[in-house]
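For reference, the structure is listed below as structure tokens.
In what follows, every chain begins at residue 1, and chains take the letters A, B, ... in the order their sequences are listed.
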Amino acid sequence: MALLELKNISKIYGELKALDNVSLHVDKGEWVAIMGPSGSGKSTMMNIIGCMDKPTKGEVLLDGEDISRLPGKRLTDIRRDKIGLIFQQFHMVTYLTAVENVMVSQYYHSMPDEAEALEALGRVGLRERAKHLPSQLSGGEQQRVCVARALINHPELILADEPTGNLDEANENIVLDLFRQLHREGTTLIVVTHDPEVAEAAQRTIVLEHGRVAREVVNEHFVE
Amino acid sequence: MTKRRMFLRMVTASLLRRRSRMLIALLSIGIGATILAGMVTIYYDVPRQMRAQMRSYGANMLLMPAEGETFDSERLSAALQKLPADALVGASPYRYVRLDMTSRQQSFTTAGTDFEEVQKTSPYFSVEGRYPEAPREVLVGKAIAETIGVKEGSDMELTWQPAAKDASGSAEDDRVPGAALSGSAKGFGDAMVYVTATLDDQARIAEIQIDASTQTPEYGGRTAEDALFLKQFIGKALPLEMGNDVDALSGATVTSNAVVEALNTATAADAAKPRTTRYKVTGILVTGGEEEGYVFMSTDDLQALTGEDRLDVAELSISADEEQLNAYAAALTGDGVQARLVKRVTKSETAVLGKLQALVFLVTVVVLILTMICVSTTMMAVVSERRREIGLRKALGASDNSIRGEFLGEGMFLGLLGGVLGAVLGFVFAQVVSVNVFNSSITFQPLLLPATVLVSMLIAAASCLMPIRRAVAIDPAIVLKGE
Ligand SMILES: Nc1ncnc2c1ncn2[C@@H]1O[C@H](COP(=O)(O)OP(=O)(O)OP(=O)(O)O)[C@@H](O)[C@H]1O
Ligand SMILES: [Mg+2]
């Protein structure tokens with residue numbers, strides 16, 4: 001069953017077609033990687049899926065609902081309720097501790113719950129560093145806090161834009177392991193990456209070029 | 001944990017962990033609040049302060065006898081009882097008479113007053129020398145001092161001429177039972193000897209008093225004191241014959257003769273005789289006004305000279321605004337007394353105070369506007385500094401209202417802190433101004449604290465409006481943009 005369906009979407013900035021007539025179908029529980037050279041429109045696509053931008057043309061169906069024409073306020077609601085975001089720059093609120101950063105996500109979603117937030121940090125192996133400020137955490141640790149924050153509200157869909165772009169091998173593996181766990185739990189994952197290794201962890205890879213889907217590769221070595 | 005607690009945790013963390021930037025905003029609110037609280041305190045305290053100061057411009061109320069009434073020290077003190085003690089700065093009684101300075105053939109308006117009170121009601125009087133303190137000391141106006149050439153330390157003799165009554169009755173007609181007679185005659189060296197006598201119910205002398213102060217003390221002067229000499233007059237009917245009815249005091253024949261002649265010519269009409277007293281000039285009064293043409297002596301001295309306890313006017317200096325003064329004037333009027341405001345003084349006082357308050361008000365408004373601009377600019381910088389964080393919050397699902405609430409919360413929290421800081425510092429500021437400028441301290445108004453805090457919070461909130469609009473407009477997509 002389709003969780004997400006892009007139907008012929010285009011995003012046009014003046015002359016530039018950042019996305020050009022892209023269609024995509026992602027099932028519930030599927031793990032999809034998106035690759036492509038710089039400027040091919042990966043982030044543009046993620047913005048549209050993540051309800052942070054609207055396509056110039058085409059339809060975006062999320063859970064069967066067309067979100068491409070919704071007003072901003074409704075988009076915020078959907079993003080909050082259904083989507084967990086992970087970014088390449090580990091965006092944390094600089095003056096809040098790790099656990100508080102996780103709780104911010106709870107705060108906007110429903111109710112802050114420190115115990116639950118600590119548990120989520122435990123899942124990413126950062127239970128002990130809960131009271132540390134971002135400046136006291138390494139890049140890999142910050143990204144793990146962001147993963148904890150993305151999964152704290154149990155979103156149906158996790159969008160990750162270059163989640164391992166700034167990480168070393170060890171941290172990359174920790175994050176990939178977390179993705180595997182989430183996948184096993186039934187969370188739908190869409191991961192933008194330049195790293196073939198990260199892409200290979202997914203079930204399927206979409207390659208974008210000049211705003212178009214150039215090809216689609218199914219990962220035969222995928223292990224559940 | 002509730003949402004509210006998380007909200008407070010985020011707001012306080014933002015302020016406490018991002019100190020440097022917030023300190024600037026806090027400082028500007030704090031300074032604004034300080035000046036606000038200080039100015040408001042001064043605004044309300046200035047009239048009180050200034051009024052006391054302005055009392056140096058002279059009396060602002062006059063007390064006079066009502067039509068057909070007489071005014072005296074008793075009526076004055078009775079009237080003053082009606083004023084609150086702390087409002088009355090001073091009350092100077094005045095009695096004006098003309099006294100002659102026979103030696104110079106001049107006469108001057110002389111004011112009998114209370115010098116201690118004069119220094120309170122007319123602090124601008126300047127005395128070269130000192131104010132009189134002992135009896136028979138006078139202050140001479142500069143104009144007089146120049147014309148007659150007296151200086152500090154000079155002596156001057158002043159004579160009081162009682163108003164001449166109609167001398168219709170002759171000496172004989174006035175010798176009725178119970179009459180009080182007085183007369184004068186030339187004694188030794190053509191100097192006047194004064195005699196007063198009262199008659200009993202048979203028109204015989206019951207009492208006699210001789211003023212021979214102009215005579216040689218060891219000779220004629222003794223007539224006034226010699227008991228035997230005085231005793232021989234008692235019980236005698238007028239006119240008297242020297243050598244027959246009475247004998248002259250030995251060594252004072254001329255004076256004794258003058259006494260008899262004075263008695264024989266004494267009339268009731270001449271009940272009060274001119275009196276002369278020698279005074280010591282303790283200072284020259286310089287005012288630049290008409291007071292320089294007067295001689296000033298104490299009420300007691302003038303009363304001793306004229307024998308009358310009478311006042312013409314009392315000058316009052318009262319610390320109150322015009323409205324209150326009018327109320328006091330109304331309260332004082334009555335019981336033979338009428339009160340009037342010195343319009344020139346009250347009006348200019350009111351005008352000066354009004355201008356001063358307007359100035360303080362203007363400064364306060366300007367400071368508030370500057371504070372708002374400063375806080376607004378700081379918050380604007382805070383918003384652009386935190387663009388990514390705001391974008392992140394939005395990406396995490398923050399609604400526009402959440403963003404508004406968080407910034408407003410931070411602003412109000414700053415306003416609260418700045419307001420408390422400002423109320424305390426503002427009071428200190430007002431106190432310092434008050435002590436240095438007005439030489440008096442002020443009392444802390446308890447209402448000042450909540451009022452200042454409230455205004456600071458409102459100003460902080462108002463200053464956040466523009467920055468919040470900026471914050472709300474931030475696109476959450478920026479978090480995905482690589483930097
Ligand atoms: N707001 C915008 N206005 C104009 N052009 C834009 C805007 N956002 C993106 N673009 C353009 O759209 C194109 C696609 O951008 P996008 O950020 O999606 O690339 P990307 O595939 O994520 O690249 P990278 O791998 O470098 O992150 C680029 O050429 C970019 O310059
Ligand atoms: Mg990108």
Hey, mind stepping through V104(A) and E389(B) against side-chain contact (heavy atoms from CB on, under 4.5 Å) and telling me if it holds?
-> CA-CA 11 Å; V104(A) 167; E389(B) 181 204 325; over 6 Å; no
Might you work through the salt bridge (charged side-chain N to carboxylate O under 4.0 Å, His left out) test for R9(B) and E114(A), ending with a clear yes or no?
-> CA-CA 12 Å; R9(B) 196 159 159 183; E114(A) 193 156 6; 3.5 Å; yes
Which pairs of donor and acceptor atoms, one on a side chain in residues 448-469 of chain B, lie under 3.5 Å apart (sequence neighbours left out)?
residue: T452(B); atom: OG1; partner: L448(B); partner atom: O; Å: 2.6
residue: S456(B); atom: OG; partner: T452(B); partner atom: O; Å: 2.6
residue: S463(B); atom: OG; partner: I459(B); partner atom: O; Å: 2.6

Check the surroundings of atom [atom1] in [X]: do more than 12 heavy atoms from other residues, nucleotides or ligands lie under 6.0 Å from it?
X	atom1	value
R123(A)	CZ	yes
R204(A)	CZ	yes
K57(A)	NZ	no
K54(A)	NZ	yes
R404(B)	CZ	yes

So what's closer than 4.5 Å to chain B heavy atoms on I83(A): side chain, backbone, both or neither?
-> neither
Honestly, the part of T97(A) sitting under 4.5 Å from a heavy atom of chain B is both
Honestly, the part of R393(B) sitting under 4.5 Å from a heavy atom of chain A is both
Contacting region of D475(B) [heavy-atom separation from chain A under 4.5 Å] = side chain
Donor-acceptor under 3.5 Å (K3(B) side chain, Y107(A) main chain) | yes
Separation of D113(A) CG from M6(B) CE (nearest 0.5 Å) | 11.5 Å
CG-CD1 distance between L396(B) and I152(A), expressed to the nearest 0.5 angstrom = 12.0 Å
Going by an N to O cut-off under 4.0 Å, is there a salt bridge joining R17(B) and E100(A)?
-> yes
Any residue of residues 63-80 of chain A which, by heavy atoms, sits under 4.5 Å from chain B | T76(A), R79(A), R80(A)
